[in-house]
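Chain naming here is simple, since letters A, B, ... match the order of the sequence lines and numbering starts at 1 in each.
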Number of protein chains: 2
Amino acid sequence: MNGQPTLKDVARACGVTAMTVSNVLNGRDKEVGPETRKRILKAIDDLGYRPNFAAKRLRAQKTSAIGMLVLDDVPEFLNDPFTTQVVAGLSNFATEHGYSLILQGLRSESPSTVPMLGHLQTDGVCAILSGSPDTRRKFIKRALGLRVPLILIQEEFDHPLVCSLRQDDRGAARAIAEYLVDRGARRFCYLAPSAHWPAISERIAGSQDVCNKAGCSLTVIECGDESFEATQKAVASSIGTEGLPDAYIGGNDRMAMATIRLLQDRQLAVPEDVRVTGFNAFDFASFAAPSLVTARSDAYEMGRRAGIEMLKGIELGGFEHNDFVLPVSFVAGQSA
Amino acid sequence: MNGQPTLKDVARACGVTAMTVSNVLNGRDKEVGPETRKRILKAIDDLGYRPNFAAKRLRAQKTSAIGMLVLDDVPEFLNDPFTTQVVAGLSNFATEHGYSLILQGLRSESPSTVPMLGHLQTDGVCAILSGSPDTRRKFIKRALGLRVPLILIQEEFDHPLVCSLRQDDRGAARAIAEYLVDRGARRFCYLAPSAHWPAISERIAGSQDVCNKAGCSLTVIECGDESFEATQKAVASSIGTEGLPDAYIGGNDRMAMATIRLLQDRQLAVPEDVRVTGFNAFDFASFAAPSLVTARSDAYEMGRRAGIEMLKGIELGGFEHNDFVLPVSFVAGQSA
DNA sequence: CTGTTAGCGCGTTCAA
DNA sequence: TTGAACGCGCTAACAG
């Protein structure tokens, strides 16, 4: 009696039944007299009544929650600005539509991933993956065990319960490469992580498209885990064996900036001596010197879009369209 | 009958009652014969039974969820790396302890903040605030309306249901200032956002402590919303009127890096001509040239700590200690 | 060791 | 226009 007031408490206070109160709360106004209605609303306010969601959910057989999963190797699973923007966009959308967002990071290789996943009870799941293709596929299959719509960011998977949201990586990569070719570059190095993400493959393919047409060369440098150190080591080694290219095309801004630092330490001017481009521009990139040429994907918007498709998927119990490719804008910095 | 199997379904399949199955699931092994137990576990596995959390919660009068609120002016509420690390730490801790983390961003000034808050139903709430002191206090009072333990990051508030988790900003600021004094700097400018956060005040106070003792001067430059542009504008104006100091002490890494860029554009060498320091180092700072001297707060650990205190708070229905100050480590970059 | 009963808070269904 | 009964899935408290 001393906890949160229930529907019954409100009803008692008004001398009506719980049902009547419920009708008022759910906007079934025509079922209730305007006079009674007023009295009830006042009582609700006075008592500070708030509906119990657990009860509602149990009754409705619906959680009104969306799960956001981030598969990552490290515990700090929100390090990537692309990820955080997606999460923010989805979270806001969910909140605005009466859903709560349950955020969970999962270590890609951990065996505890399975029980953790089982603990998730939501009407739909959105996931951002990382790790090897094998790890990712395994994860997807497990996530499908939840039997709810699954939206994958930057990852394809053919299944009626799965919807992919991707950005036009190939097109963006083409734009970057064309920009460089226009400025006279002919010999390119592509900075890629050793793990072969689909998105990275697309970006390489886009650069290759342009190189083929323009008769340029493209060498892929594998930068391990794309960390600062790994990238610099890989680039240094490449310079040792094959010399300097006209431009480095970064698979992302991190690798690009690590490369810029390396070149600067060697007294090379960027972009005068060598050009360097990035990918997935985020705020912080503008703090780097010199500014990067980069593609900016609107990750926040992608998160919102995930919300939109998710609600459709939940309503329909599956997806009508299950692959969307979103545009990417091209951003030329001031001095690159 | 075609949805998820329930406890009853499992019981029926084994020819026992739901209660017995429940006993098995909750580890009350002594209540159940080992033979029956085995049979039940098999049936659970065969049917792919998973407990319904909504029912559990309703029964237990406990949500087993923690709310993470981020009050921000912009929709992209996960832009700040400090915030994301706290969220990641708390999320992991919650997951490991059988709680789910519900993430919600709130626009500081929006009137919809109130209903949004009401939609949150969790056993406890952790919040990172921003905006004016007035906005923040208003928010705290509303959050207290939820009548659950509230943990505030970098924010004090005297109330039995509130616990503050702060870092030792003053101590860290002292360490930075001493570092600069040791290297001969005497005239300082402090880069602060125009909004007066408690944390910023502490940092200024720490610098002032050192300046007082060493007989140095300290001027505070208000950098508006601490954006790249606002910071550069404020610094430029300060240089115009008061000339160049020996060192800029950044209220955070963003402002510090904006300042470095400005100085470099004016052909000033950092740190040879002017020193610049940052605050709250995060990964990306290492990509900036030159490396920053900065204080690194372990925000991830702070998130985990929030989880620890939250669980205590939930169990006790309030906090025993309600102000914790966590240490901050000092990080000297390679070339600053 | 196992079964029965009852109720968490809400909403649908049917009756008044 | 309002009321009563029932059940969503689970578990505490007792019986047997």
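- Remark: B:F53 pairs with A:H119 by the ring pair (Phe, Tyr, Trp, His ring centres under 6.0 Å) rule, at least two apart or across chains.
- No option in A:R137, A:R136, A:K138 other than A:K138 meets the salt bridge (charged side-chain N to carboxylate O under 4.0 Å, His left out) test with A:D134.
- Regarding A:Q121, its CD atom lies at a distance of 17 Å from the P atom of D:dC8, rounded to whole Å.
- Summarising the geometry, the separation between NZ on B:K38 and P on C:dC1 is reported as 16 Å, rounded to the nearest angstrom.
- Between the axis at the start and the axis at the end of the helix from C:dC1-D:dG16 to C:dA16-D:dT1 there is an angle of 50°, using five pairs per end and rounding to 10 degrees.
- Sorted by first and then second residue, the salt bridge (Lys or Arg N to Asp or Glu O under 4.0 Å) pairs with a member in residues 306-325 of chain B read B:R166-B:D323, B:R305-B:E309, B:E309-B:K312; sequence neighbours excluded.
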Open item on the list: Can you build the contact string for nucleotides 7-16 of chain C? Use B for base contact, S for sugar-phosphate-only contact, and - for no protein heavy atom under 4.0 Å.
Closed with: BBBBBB----
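- With hydrogens and angles ignored, the 3.5 Å screen pairs a side-chain donor or acceptor of A:D123 with a backbone N or O of A:T63.
- Taking 4.0 angstrom as the limit, B:T20 places a side-chain polar atom (N or O) nearer than this to OP1 or OP2 of C:dG3.
- Proximity of B:F319 to B:I151: side-chain heavy atoms (C-beta onward) are separated by under 4.5 Å at one or more points.
- Applying the side chain to side chain contact (heavy atoms under 4.5 Å, CB included) test to A:R107 and every residue at least two apart in sequence or in another chain returns A:P75, A:S110.
- In this structure the side chain of A:M302 reaches within 4.5 angstrom of the side chain of A:I153, judged on heavy atoms.
- Partners of A:F157 under the ring pair (Phe, Tyr, Trp, His ring centres under 6.0 Å) rule, at least two apart in sequence or in another chain, do not exist in this structure.
- For C:dT2, the OP1/OP2 oxygens have a side-chain nitrogen or oxygen of B:T36 closer than 4.0 Å.
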